[in-house]
Amino acid sequence: MEKITLGTRKVSIEFPGVKALSDVDFEIGTGVIHAVMGANGAGKSTLMKVLAGSNPDYTGEVLYNGNVVELRNTAAAKKLGIQIVYQEVDMALIPTLTVAENVMLNDMVMNMGKKQLVNYAQIRKDAKETLARLNVNIDVKRLCSTLSLAQKQMVLIARAIQHSCNFLILDEPTAPLSDTETEELFRVVRHLRETENMAVIFITHRINEVLQICDSYTVMRNGTVVDTTPITSATTSKEIVDKMLGRS
Ligand code: ADP
Ligand code: MG
């Protein structure tokens, strides 16, 4: 499958009183699971938001297949197949709607003549197909308010991959999950890498998870990228911690 790359060159972001990112160079290609690590406040979410078009005031360049692209809104990122799922799943879901409706939320109203109509049969069918791409079994007629947090996350991942998705960014997805739910998420993430050649970028603090599932990782500290490295059988948790804390 064709490999696509996404990266940044000297990307910086300044919030009032805080330099959240300083000259960040970063690159990732499709077909890998990649961890972004670092202490709280290191700039992980800020960098991922730049890639998702949610931090429009960045300076520097975002590169897609080596070409400069302007990611000044989420629509521009989505057009390139860059999708992000935030940790606050409840903010992105409408609890009183079904799984099908929440998966298809961005495509629900079809323009049919002068009337705005929702084709519920089609929505259920499309949502089912998308969940099948994740190899996840959730009844699409259920209300989202009845789902577990892990299932809600799957609904949002389904929404994210509903259209073409090359880069799926998950911001601390495992933080609220049990061990079993984390295993299930990893199964889904691996499945997307194998079957769709997606890049899945996930932010995490948990080093054992990174060693278990990721192909490579980036460590950030104080708004900079400290290192990006493949994970091999020789990678140790100690070297990752040392990079995160800046010890030698
Ligand atoms: P991380 O995800 O690694 O924990 P963040 O990227 O969220 O870190 O934050 C990096 C720095 O930028 C922190 O100092 C944080 O307080 C600051 N920051 C992030 N977003 C904003 C914002 N919208 N306004 C002001 N400061 C922000
Ligand atoms: Mg964060």
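All ligand and atom numbering here is 1-based and tracks the order in the structure.
At under 3.5 Å, not a single nitrogen or oxygen of V18, backbone or side chain, sits near a nitrogen or oxygen of ligand 1. At a 3.5 angstrom cut-off on N or O pairs, G41 counts as close to ligand 1.
No option in L21, L71, T8, L47 other than L71 meets the side chain to side chain contact (heavy atoms under 4.5 Å, CB included) test with Y58. The one candidate from D139, D126, V140, N137 that meets the side chain to side chain contact (heavy atoms under 4.5 Å, CB included) condition with L131 is V140.
Between Q153 and L177 there is a side-chain heavy-atom pair separated by less than 4.5 Å. Between L63 and T5 the shortest side-chain heavy-atom distance does not fall below 4.5 Å. Between S216 and T229 the shortest side-chain heavy-atom distance does not fall below 4.5 Å. T59 places none of its side-chain heavy atoms less than 4.5 Å from the side chain of E14.
Proximity of G38 to ligand 1 is not established, as no heavy-atom distance is less than 4.0 Å. Taking 4.0 Å as the cut-off, P16 does not count as a neighbour of ligand 1 on heavy-atom distance.
Shown in contact with T46 at under 4.0 Å from a heavy atom are these atoms of ligand 1, numbered in order with element: 5 (P), 6 (O), 9 (O), 10 (C), 19 (C). Annotation for ligand 1: atoms under 4.0 Å from non-hydrogen atoms of A42 are 1 (P), 3 (O), 8 (O). Distances below 4.0 Å separate heavy atoms of N40 from the following atoms of ligand 1: 4 (O). Close approach of ligand 1 to A39 (heavy-atom distance below 4.0 Å) involves ligand atoms 3 (O). Remark: ligand 1 atoms within the under-4.0 Å shell around heavy atoms of A20 are 11 (C), 12 (O).
Among the atoms of T46, no N, O or S atom falls under 2.8 Å of the Mg ion (ligand 2).
Looking only at protein heavy atoms, the nearest one to atom 7 (O) of ligand 1 is S45 CB, 3.8 Å. Looking at atom 23 (N) of ligand 1, its nearest protein heavy atom turns out to be F15 CE2, 3.8 Å.
In the hydrophobic clustering of this structure, I203 does not group with F186; members are Ile, Leu, Val, Met, Phe, Trp, Tyr whose side-chain heavy atoms approach within less than 4.5 Å, directly or through other members. In the hydrophobic clustering of ILVMFWY residues, with side-chain heavy atoms under 4.5 Å counting as a link, M198 and V210 come out apart.
Residues E129 and K125 are paired through a salt bridge, judged by an N-O separation under 4.0 Å between the basic side chain and the carboxylate.
Less than 4.0 angstrom separates atom 16 (O) of ligand 1 from none of the non-hydrogen atoms of the protein.
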